[in-house]
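First up is the structure itself, then whatever we jot down about it.
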Number of protein chains: 2
Amino acid sequence: MSQRSEFRRKGRATIIDVGRVAGVSDATVSRALNTPEKVSKATRQRVEHAIAETGYVPNPLAKAMVSGRTFTVGALVPTLDHAIFSRFLNALETELSHQSYNLVVAVTDGDNAVEVKKAEKLLSMGVEGLIVTGLSHNAELLARAQRAQVPLVATSYFEPTAALPTIGYDNERAAVLACDHLVALGHRNIAVIHGPVATNDRTRSRVDALRAMPPDIKLQFIETSLDYRGGGNAVTSWDPAVTAILCLSDVLAMGALFKLQAMGKQVPADVSLMGFDDMDVSAFLTPPLTTLHLPIAQMGRDAAQAVCRYLEEGTPIQSVELTARVAVRGSTAPLA
Amino acid sequence: MSQRSEFRRKGRATIIDVGRVAGVSDATVSRALNTPEKVSKATRQRVEHAIAETGYVPNPLAKAMVSGRTFTVGALVPTLDHAIFSRFLNALETELSHQSYNLVVAVTDGDNAVEVKKAEKLLSMGVEGLIVTGLSHNAELLARAQRAQVPLVATSYFEPTAALPTIGYDNERAAVLACDHLVALGHRNIAVIHGPVATNDRTRSRVDALRAMPPDIKLQFIETSLDYRGGGNAVTSWDPAVTAILCLSDVLAMGALFKLQAMGKQVPADVSLMGFDDMDVSAFLTPPLTTLHLPIAQMGRDAAQAVCRYLEEGTPIQSVELTARVAVRGSTAPLA
DNA sequence: CTGTTAGCGCGTTCAG
DNA sequence: CTGAACGCGCTAACAG
């Protein structure tokens, strides 16, 4: 127990050890393992026996080294602790797993510097592909990935002119779509509640698009923290002229809804409320939340497939646009 | 563009190439990279220049192979698409990252066979540690990990007599604690809503513990799907004698709460409602959800630290018990 | 069918 | 301070 540095993987049997006890060469053991049909049944069994006896387990690193493959893909997300990213990663992992790839995840906290650092770690552990969130990244990230000859894909965004392939949706259009729903219901005075734009390019795109709405639609923007508390705080006091609230995230919408309920306000009777994301829970709220549905799981599957296809067949990764749509539910109503 | 199998990592510069253009040996390049202080400033700069010129990037696999280390830890969770596991993984990743380890995640869908398969994949990619959820696993999992000499730790459970170290809480005690809160409020007729016990040993433990409660407390158990819909379905019709509902997951509690609201029932006036987990959202609901708080983030940090300490110093992994406690909020009230 | 011979790319002795 | 040599564990080629 006093072995300091070598307490781990002490004297693990190698393929040579197995060969020795089986009375064959290492190459034969390798063959017995990888192409059993090319080995006589007799020796195969001696090898199997020897493997059991020595407790041999193949060294994955050596295998990876010689094949040059790790079957590992890395994903960088702002946080794991948000339903949207979990759903994305869940789909990503499921699909990668189908294709026999592993998923390494790293969280960036929305900090580009952290992102670069973590990307470098992923690269230096041998990921064969890198999936990032959003479009704004340090140039260094692109450079590193390119030098490592590792494909890089951006998600949660569709922007065909970007420097890297994007798999996602058009955030600007989605925001307008959402707003249009409220406008179509007759609302002209709308509060837009959103998270920090400084650290989130998706939010910024959505806000920018809304700012470009026709001037007859009065929009007032409220930036708050991207959590339930933030959503609640944003509605504690607001212009009574506002007849509808558009939250650029369902988390904010839920925070707002619960606070409104606590304040005794009726949704949608007193005010229409709309979210953005369409989390699992949104459809089950009372009232069910009208929201902009984002095809998150699909995005995860597509990203996985794009990377795998590149890795397996060399197919260049193409940007793909997924369509966001309004999920009309009970939290929005025509202006009385 | 017609290179089928070798389109990837084509002719990447090696440490030898760098040495050649720098006019030094590969060993010197290696030193310049890993122990710069042992190289003269002059050569160091020539090496740096040569690296830039060749676009050299170290081969992570070769490095891993010679050092025998991947700095990678694997986590197996039933799903990523649930706030509890995301929070756990978020904390896990954050802490591992601090210690310069990477996190590979695999989802098992609560299927032990899948778990074994995925564990094997993780092992065969070289993870140095394995973190699993819950206590019931195929024996094969234990065997594989042991043979690969990879530490294995179970979470979401504390059970000092288990075959592997456990980092988590006492599910039975926690369930009783939760129930006791309702009992202390005077409730004697309680509906217990829970997810499938067949695929979830934590749930089973909680249910079992509740079944052992004193007989003067009338408990009726309702098993449903572990999602918002399931929570809602479970309350659409129930014995009017029931004065309190204990959900063994906040997701179920939320599903129940929203459905009750839709049914026009008042919580806690008409019925007390209690959850289990304490998700981020729970404190912000209207009414704020009384729930059994589980120290999930702490569990992630502790698991990461235990594995790292083992990997770095050989410190054996000890089971650690984290304490769950009732978070009393507004959704429960004394029996009228 | 099986053994022998070469590496894979890098770190790490050991001499100089 | 630097270079030559060796080894990590395994697979792929080539003989036999």
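By convention in this document, chain letters (A, B, ...) are assigned in the order of the sequence lines, proteins followed by strands, and residues within each chain are numbered from 1. FYI, side chains are in, hydrogens and waters are out, and symmetry mates aren't considered; it's all heavy atoms of this structure.
Nucleotide C/dT12 holds its P atom 7 Å from the CG atom of B/Asn34, rounded to whole Å. A straight line from CG of B/Leu33 to C1' of C/dT12 spans 15 Å, rounded to a whole angstrom. In this structure, CG of B/Leu61 is placed 14 Å from C1' of D/dT11, rounded to the nearest angstrom.
Taking the six-membered ring for Trp, B/Phe71 and B/Tyr101 have ring centres closer than 6.0 Å.
Looking only at distances, no side-chain donor or acceptor of B/Thr72 sits under 3.5 Å from a matching main-chain atom of B/Glu128.
Counted within 6.0 Å of NZ on A/Lys121, heavy atoms from surrounding residues, nucleotides or ligands total more than 12; the atom is thus considered enclosed.
Residues B/Thr28 and B/Ser25 have side chains that bring a donor and an acceptor to within less than 3.5 angstrom of each other.
Under the 4.5 Å side-chain criterion, counting only non-hydrogen atoms from C-beta, A/Leu80 is in contact with B/Leu80.
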Where protein sits on nucleotides 1-9 of chain D, one letter per nucleotide: B base, S sugar-phosphate only, - none, heavy atoms under 4.0 Å: SBBB---BB
